[in-house]
2 protein chains.
Amino acid sequence: MNIEKIIKTEIELPLPKKVVINLLYTENWIMDKINIELKAFDISLQQFNVLRILKGQKDKPANLSTIQERMVTKMSNTTRLVDKLINKNYVKRAICESNRRKVEITITEEGKKFLDKVNPIMDEFENRVTSNFSTEDLILLNELLNKLRNSNSQIT
Amino acid sequence: MNIEKIIKTEIELPLPKKVVINLLYTENWIMDKINIELKAFDISLQQFNVLRILKGQKDKPANLSTIQERMVTKMSNTTRLVDKLINKNYVKRAICESNRRKVEITITEEGKKFLDKVNPIMDEFENRVTSNFSTEDLILLNELLNKLRNSNSQIT
DNA sequence: AACATACATTTGTATAGACAAATATTGTAG
DNA sequence: CTACAATATTTGTCTATACAAATGTATGTT
């Protein structure tokens, strides 16, 4: 279904508006699907992403600022996000000895096990959601999204 | 900047995962920019969209369910969203006489004036954010996003 | 050492959103 | 006409997010 049909407007929208709306709509559509996948595991995509970042650290602890800069969608309150992961026993927090302002966050064994369980589900989801796309389509969409952001990096 | 650099991972991600992350990241990036534009007008994108929907009704009132189905990103609480627009005197609410369960929401003159002020800003933003895109790029991105959603309409 | 400044995180608060339950109204089957 | 289901919206509650201010720690200057 095209965007005009979705938002039920009779007038033909200008292309730039159509693309912006389509991007917002499609992201929302895909987020809904992701949330359905993750719901069974009682975790949000944000929390899941933090676990992935920590796993990527390979047992080297990460501080809050590291986590924040690596998150796909930045959020304002990483402290409380980590709190929730601590409550679930997926991560642990310690004060950094060399710089006591910093905090060191590490994934636990339970967190790793959890990730190993959820990761294949997400991989399978990503394959499924893009299953009608050819490799060329995937590359093209990826490049177009990059181009959209990059051509704007200097503009405010 | 490509996605691997953005999330600072050393490993090359599989294409489907890359596309999904890129989509989420780019939407977030564009939403940040939209919020900056709208902040000066003290309105959220959701509220702005409702006003546009009501204007599109051409003085014919809309009920809550109509608004909800036309919104780009569905939200669970249209009542309270409309409450906020009422507080700003941009819309008014009345009980539908033919079916008293329904509610009729209409844009006010003040709401129309406000829209006329903000619409050009958003149009200009949409043009600016896509300024390095050719018409072909715009059409292509639009079609790829449609294809992504459509090929999945039957899958759960 | 005393002070200001910068840094990293946490906390407070106000607003937004998800979801379920409650309310009110209408339509319909017996 | 009554009971029951369906519809449309509202309300309550809990969680998430944005943003500012506060806290605690480190660094550089005089």
Side-chain angles (χ1 to χ4, degrees), chain A residues 24 27-29 31-50 53-54 61-88 91-106, chain B residues 24 27-29 31-50 53-54 61-88 91-106:
Chain A
L24 302 189
E27 190 268 354
N28 199 260
W29 171 89
M31 266 309 292
D32 280 352
K33 289 188 181 285
I34 292 174
N35 283 330
I36 290 169
E37 298 290 328
L38 290 179
K39 199 165 186 179
F41 299 98
D42 191 35
I43 197 164
S44 70
L45 181 58
Q46 294 280 41
Q47 290 176 32
F48 178 63
N49 282 334
V50 170
I53 291 166
L54 292 174
N63 4 351
L64 269 191
S65 43
T66 311
I67 294 174
Q68 210 149 14
E69 74 181 17
R70 296 195 183 182
M71 281 203 287
V72 180
T73 52
K74 315 290 176 214
M75 65 173 291
S76 54
N77 219 319
T78 317
T79 300
R80 283 189 274 239
L81 188 57
V82 168
D83 285 345
K84 281 177 200 119
L85 290 170
I86 290 172
N87 283 338
K88 288 173 180 165
V91 308
K92 50 178 188 274
R93 174 162 45 193
I95 292 166
C96 174
E97 276 311 312
S98 63
N99 185 341
R100 291 163 48 75
R101 284 173 299 188
K102 291 189 182 176
V103 101
E104 286 179 337
I105 296 143
T106 332
Chain B
L24 302 189
E27 191 268 355
N28 199 260
W29 172 89
M31 266 309 292
D32 281 352
K33 289 187 181 286
I34 292 174
N35 282 329
I36 290 169
E37 297 289 328
L38 290 179
K39 198 164 186 179
F41 300 97
D42 190 35
I43 197 165
S44 70
L45 181 59
Q46 293 280 41
Q47 291 177 30
F48 178 62
N49 282 335
V50 170
I53 292 166
L54 292 174
N63 1 348
L64 269 191
S65 44
T66 311
I67 293 173
Q68 209 150 15
E69 75 180 16
R70 295 195 184 182
M71 281 201 288
V72 180
T73 53
K74 316 288 177 215
M75 64 174 288
S76 55
N77 218 319
T78 317
T79 300
R80 283 190 274 239
L81 188 57
V82 168
D83 285 345
K84 279 171 202 125
L85 290 170
I86 290 173
N87 284 338
K88 289 172 180 164
V91 308
K92 51 177 187 275
R93 173 161 46 194
I95 292 165
C96 173
E97 276 312 313
S98 63
N99 185 342
R100 291 163 45 75
R101 284 173 300 189
K102 289 188 183 175
V103 101
E104 286 179 336
I105 296 143
T106 333

Inset, instruction - Rounded off to whole Å, could you give me the CG-to-P distance for the B/Leu64 and D/dA8 pair? - result: 11 Å
Legend entry - Rounded interatomic separation in angstrom, taking NZ from A/Lys74 and C1' from D/dC19: 18 Å
Legend entry - Comparing A/Asp32 and A/Glu104 on DNA chain C - which has the more 5′ nearest nucleotide: A/Glu104
Inset, instruction - Could you tell me whether the side chain of A/Arg80 has a donor or acceptor atom within less than 3.5 Å of a complementary atom in the base of C/dG12? - result: yes
Legend entry - Sequence-distant partners of A/Ile36, side-chain contact (heavy atoms from CB on, under 4.5 Å), two or more places apart: none
Legend entry - Residues A/Ile67, A/Leu54; criterion side chain to side chain contact (heavy atoms under 4.5 Å, CB included); working and verdict: CA-CA 8 Å; A/Ile67 294 174; A/Leu54 292 174; 4.1 Å; yes
Inset, instruction - Would you mind classifying the nucleic acid contact of B/Thr79 as base, sugar-phosphate or nothing, using non-hydrogen atoms under 4.0 angstrom? - result: base
Inset, instruction - Report the nucleotide, chosen from D/dT17, C/dT10, D/dT9, that has the shortest atom-to-atom distance to any side-chain atom of B/Ser65. - result: D/dT9
Inset, instruction - Would you kindly give the CG-to-C1' distance between B/Asp83 and C/dG17, to the nearest whole Å? - result: 14 Å
Legend entry - d(CG, B/Leu45; P, C/dT15) in whole Å: 19 Å
Legend entry - Which residue lies more 5' along DNA chain D, comparing B/Lys102 with A/Gln47 via nearest heavy atoms: B/Lys102
Inset, instruction - Record whether the side chain of B/Arg101 comes under 3.5 Å of the base of D/dT9 through a donor-acceptor pair of N or O atoms. - result: no
Legend entry - A/Lys39 vs C/dC19: side-chain N/O to OP1/OP2 distance below 4.0 Å: yes
Legend entry - Between D/dA8 (C1') and B/Ile95 (CD1): distance, integer Å: 12 Å
Legend entry - From CD (B/Glu104) to CG (B/Asn99), nearest 0.5 Å: 10.0 Å
Legend entry - Whichever of A/Gln46 and A/Cys96 has its nearest DNA chain D nucleotide further upstream toward 5': A/Gln46
Legend entry - Test side chain to side chain contact (heavy atoms under 4.5 Å, CB included) applied to A/Met31 and B/Glu27, step by step: CA-CA 11 Å; A/Met31 266 309 292; B/Glu27 191 268 355; over 6 Å; no
For a quick test of your reading: what N or O donor-acceptor pairs under 3.5 Å do the side chains of residues 71-80 of chain A make, sequence neighbours left out?
| residue | atom | partner | partner atom | Å |
| --- | --- | --- | --- | --- |
| A/Thr73 | OG1 | A/Gln46 | OE1 | 3.3 |
| A/Thr73 | OG1 | A/Gln46 | NE2 | 3.3 |
| A/Lys74 | NZ | A/Gln68 | O | 3.4 |
| A/Lys74 | NZ | A/Glu69 | O | 2.8 |
| A/Lys74 | NZ | A/Met71 | O | 2.8 |
| A/Thr78 | OG1 | A/Gln68 | NE2 | 3.1 |

Legend entry - Nearest-angstrom distance from the residue atom CZ of B/Arg100 to C1' of D/dT10: 15 Å
Inset, instruction - Please figure out whether A/Asn77 or B/Met75 has its closest DNA chain C nucleotide nearer the 5' end. - result: A/Asn77
Inset, instruction - Specify the separation, in whole Å, of atom CZ of A/Arg93 and atom C1' of C/dT9. - result: 9 Å
Inset, instruction - Would you mind reading off the distance between A/Met31 atom CE and C/dG17 atom C1', rounded to a whole angstrom? - result: 12 Å
